[in-house]
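Worksheet: the structure to be examined is printed underneath.
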Number of protein chains: 4
Amino acid sequence: MNVHSEAEEWVVARAAAKIHRDAKTKYDRILESAIKVFARKGFHNSRISEIAAEAEVADGTIYLYFKNKDDILIRLFENSLEQIIADLRAEIGKENDALRKLRRFIKMHLDLVNKNPNLAVVLQVELRQSNKFMKEYEPTRFIDYLNLIAEIIREGQAQGAIRADVAPGIVKRALFGALDEIALHSVLTRKGKDYLRTSADQICEMFLRGIAA
Amino acid sequence: MNVHSEAEEWVVARAAAKIHRDAKTKYDRILESAIKVFARKGFHNSRISEIAAEAEVADGTIYLYFKNKDDILIRLFENSLEQIIADLRAEIGKENDALRKLRRFIKMHLDLVNKNPNLAVVLQVELRQSNKFMKEYEPTRFIDYLNLIAEIIREGQAQGAIRADVAPGIVKRALFGALDEIALHSVLTRKGKDYLRTSADQICEMFLRGIAA
Amino acid sequence: MNVHSEAEEWVVARAAAKIHRDAKTKYDRILESAIKVFARKGFHNSRISEIAAEAEVADGTIYLYFKNKDDILIRLFENSLEQIIADLRAEIGKENDALRKLRRFIKMHLDLVNKNPNLAVVLQVELRQSNKFMKEYEPTRFIDYLNLIAEIIREGQAQGAIRADVAPGIVKRALFGALDEIALHSVLTRKGKDYLRTSADQICEMFLRGIAA
Amino acid sequence: MNVHSEAEEWVVARAAAKIHRDAKTKYDRILESAIKVFARKGFHNSRISEIAAEAEVADGTIYLYFKNKDDILIRLFENSLEQIIADLRAEIGKENDALRKLRRFIKMHLDLVNKNPNLAVVLQVELRQSNKFMKEYEPTRFIDYLNLIAEIIREGQAQGAIRADVAPGIVKRALFGALDEIALHSVLTRKGKDYLRTSADQICEMFLRGIAA
DNA sequence: GATGAATGAGCTTTCATTCAT
DNA sequence: GATGAATGAAAGCTCATTCAT
């Protein structure tokens, strides 16, 4: 390889990087950078300036798109959850039977942890360290998520597949809590795919038997 | 009530307070004050000086008993869990049947949240906001707690009351997660006794059916 | 003087102050303020906030230009010494004869103490109270200063005016030590011009005879 | 060696240590410990509790013998200087000739640095870091020390060996400064015996020629 | 919209000193 | 005299946020 072509390649690579960078909105670039930085350093140890550097924008620019540091975390949560809910709905839609829907739901929840480790760290660990998120955030999206479960349960009850005395409003939280704790353990101990698969099976077995008519 | 008796009562009250204060070690007084202050203001918004004032000791005195602010939280967690584990063991000991043990366990876990609201706030919300706790703490006591559940499950499997293909190491976490999420919701929304009772019943029903042979 | 003209003068003075303030870089303003404050209160008794106030910048701004409090002292030392060395070189350059150069050097060293009393206090007293300066600082500039003396001595030896058995590396320190002690005494007892003049004469007489061939 | 005699030896050693410890007054033990600790850690980084531990006394005991931390340093300085002055007087007394006395003085000053490295570190570096010492201390002992030099010079002038136009009050400081700077350099760079010997010779040669009639 | 220099509030922790025993 | 548990004042530095350009 001669010097000429090396230089040419470098120019091409730079141009490609720039196109890629320009293709995304600054908003998205900041969110993606925040996920990386939060996952790497933790929420409280991440500096706005680091996120800005990672996103190749100025510190002040972040405040054109986000109210403050906690807001990045919360919007990140909402954005991700919105996408996840959409994906889950699509996945669930492939089944008619409520119990089979729940099975898909459980498997997919834990599969997401496996496939998005950075996001999982942020949602499982860092998010809960924001006082604003824990105390002030109106958890609309989170409630949407929980209600996905409640809906399936009610559907199952209508179908006669799930016991009528099961309280969807409570069981939705119990199931979420179970999945969440498994996800947290997976993230903190870096136990990955196998652990999550086995756990998904165990939880399916237990919950479905637990609420089946 | 006349002024005289008021003054007398005040004297008596002061004396009682002093006796109470002297009766406890400074260590215990600091821990109890920390629970109150953390529950009231949140971990990050609590000042060491507030805890010291509440415990009626000097700021510096706290550092004779604790390494730092996070250490207070962690020791508070360990102390509480140690007591809780002892109480749970005693409670469980009253039954021979594994499934009945689990039932007692579940009911008591949520009953503790009801009976110690301040402690519950700290353990459910504030504790998780300490980066040191989430990332550096070796969760020995927590594992002890989880293993209480695993033990009962293994016992039930030996008795033939619980399915042999249930994985105690996973189900213990799933059950804890479910209870924890219900506890968190109770704490954040200030839903108390009734919510916790109903939830305990629902979780018992679901889990016990879910793992029964 | 009437009130009218007083007010006018004040306006003029303020304007002048502002021009003066804007003309210098923040870096220089902070250094100059530090000299004043350190001289007035001593290094350990000076607060960063005082230096900031004197320089009319925010506390945090200081940390955009300096690593920490000790760094201000060290940079102050280096900046001053750099200027002093340049001036001394110019002064020395006016003579050809090594002994006459030394004479100029000695007189000028003590004259600087007389002309910059604040800086002298800082360099003689406060600088030595910084642990970082005494133990961690790599004294490049100071060595440059000492080597000015060594160079002149070597020159004198080449010229045959100074004994060949004089060790420049030791005598440079002995001469500096002598001047430094006189300077310190002048600063601590506020003995000024006359004391310094007489001392310069005495030291010249003694050193030059002491090393002359 | 059998176990029996080992135990016996240990008892004897302990007893000897205790006797040694008791033989010195607490005052002396604290001063000696302070020299060690200050030399090891520096004045500002030494804790009263460390000095107390080293001296095997309680923290509070130190305040029965010393006003405060700076007082330890100052009393340490005075104690040492008193001893040094006595030794120097004895040494000087061995000569009649003023110039020979000065020679002995210079050599002994630098020899003391060589022989008491810990003390030298404290007197050369740490002492100057005490604001109280630099600004409030009435330097009686130090003046005694300087006057030793002045006396010899006056003696030499009376003998006709030293020029009459030499100002003893200035030259004493110049000589001290020269010796002090060499001592400091030796301490900071850990250049020991050889450096100090050569320096002593150079300074003798220069000073004695410099002031000789 | 984008920048980044400047701001300044905010707080844990240390450790010399005291004093009841 | 000796102890050592308790005190509490004291301040450097960080970093989220602003705003003039």
Side-chain angles (χ1 to χ4, degrees), chain A residues 25-27 29-30 43-53 55-73 132, chain B residues 25-27 29-30 43-53 55-72, chain C residues 25-27 29-30 43-53 55-72, chain D residues 25-27 29-30 43-53 55-73 132:
Chain A
T25 65
K26 283 205 168 65
Y27 180 87
R29 259 168 45 215
I30 294 170
F43 177 66
H44 284 299
N45 291 319
S46 296
R47 308 290 148 240
I48 287 287
S49 55
E50 287 177 89
I51 299 173
E56 299 184 60
V57 299
D59 293 16
T61 303
I62 288 186
Y63 289 85
L64 297 174
Y65 297 94
F66 298 90
K67 267 212 307 279
N68 51 43
K69 198 178 162 189
D70 290 87
D71 189 42
I72 301 178
L73 203 52
K132 287 222 176 81
Chain B
T25 64
K26 283 205 169 62
Y27 181 88
R29 257 164 52 212
I30 293 169
F43 178 67
H44 284 299
N45 291 319
S46 295
R47 309 285 146 247
I48 287 289
S49 55
E50 289 177 86
I51 299 174
E56 298 184 62
V57 299
D59 291 18
T61 304
I62 289 186
Y63 290 87
L64 295 176
Y65 296 93
F66 299 90
K67 270 211 305 281
N68 50 44
K69 201 177 155 185
D70 289 270
D71 190 40
I72 300 178
Chain C
T25 64
K26 283 205 169 63
Y27 180 89
R29 258 163 52 211
I30 294 169
F43 179 67
H44 284 299
N45 291 319
S46 296
R47 309 286 145 245
I48 287 290
S49 55
E50 290 177 86
I51 298 173
E56 300 185 61
V57 299
D59 292 19
T61 303
I62 290 187
Y63 291 87
L64 295 177
Y65 295 93
F66 299 91
K67 269 211 304 280
N68 50 43
K69 202 177 155 186
D70 289 87
D71 189 41
I72 301 178
Chain D
T25 64
K26 282 205 168 63
Y27 181 88
R29 260 169 42 216
I30 294 169
F43 178 66
H44 284 297
N45 290 319
S46 296
R47 309 288 149 238
I48 287 288
S49 55
E50 287 177 89
I51 299 173
E56 299 186 62
V57 299
D59 292 17
T61 304
I62 287 185
Y63 289 86
L64 297 175
Y65 296 94
F66 298 90
K67 269 212 307 278
N68 51 43
K69 197 179 162 187
D70 289 87
D71 189 42
I72 301 179
L73 201 54
K132 287 223 176 79

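This one's a predicted model, so the numbers in the text were calculated from it and none came from an experiment. Each chain gets a letter, A, B and so on, in the order the sequences are listed, and its residues count up from 1.
- Distance B:I48 CD1 to F:dA9 C1': 16 Å, rounded to the nearest Å.
- Nucleotides of DNA chain E nearest to C:A58 and B:T61 differ in position, and the one nearer the 5' end is that of C:A58.
- Residues forming a side-chain contact (heavy atoms from CB on, under 4.5 Å) with A:T61 (at least two apart in sequence, or on another chain): A:K26, A:V57, A:A58, A:L64, A:Y65.
- Applying the salt bridge (Lys or Arg N to Asp or Glu O under 4.0 Å) criterion to A:D70, with sequence neighbours excluded, gives A:K132.
- Between atom CZ of residue D:R47 and atom CG of residue D:D59 there is a gap of 12.5 Å, rounded to the nearest 0.5 Å.
- Going from atom CG of B:N68 over to atom CD1 of B:I62 covers 11.5 Å, rounded to the nearest 0.5 Å.
- Counting only Watson-Crick and G-U wobble pairs whose two key distances fall under 3.5 Å, DNA chain E forms stems of three or more stacked pairs at E:2-21 with F:2-21.
- Taking the six-membered ring where tryptophan is involved, the planes of D:H44 and C:H44 are tilted, since the angle between them lies from 30° to 60°.
- The outermost nucleotides of DNA chain E lying under 4.0 Å from heavy atoms of chain C, listed 5' to 3', are E:dA6 to E:dG8.
- With rounding to the nearest 0.5 Å, the separation of CD1 in D:I51 from CD1 in D:I72 is 4.5 Å.
- Contacts between residues 62-71 of chain A and DNA chain F, defined by a heavy-atom separation under 4.0 Å, are made by A:Y63, A:N68, A:K69.
- With sequence neighbours left out, the side chain to side chain donor-acceptor pair (under 3.5 Å) criterion links A:N45 to no other residue.
- Regarding A:R47, its CZ atom lies at a distance of 16 Å from the P atom of F:dC13, rounded to whole Å.
- Residue C:D59 is the one, among C:D59 and B:N45, whose nearest nucleotide of DNA chain E lies closer to the 5' end (criterion: closest heavy atom).
- Residues forming a side chain to side chain donor-acceptor pair (under 3.5 Å) with D:D71 (at least two apart in sequence, or on another chain): D:R75.
- Considering only residues two or more places apart in sequence or on other chains, C:Y63 meets the side-chain contact (heavy atoms from CB on, under 4.5 Å) condition with C:I48.
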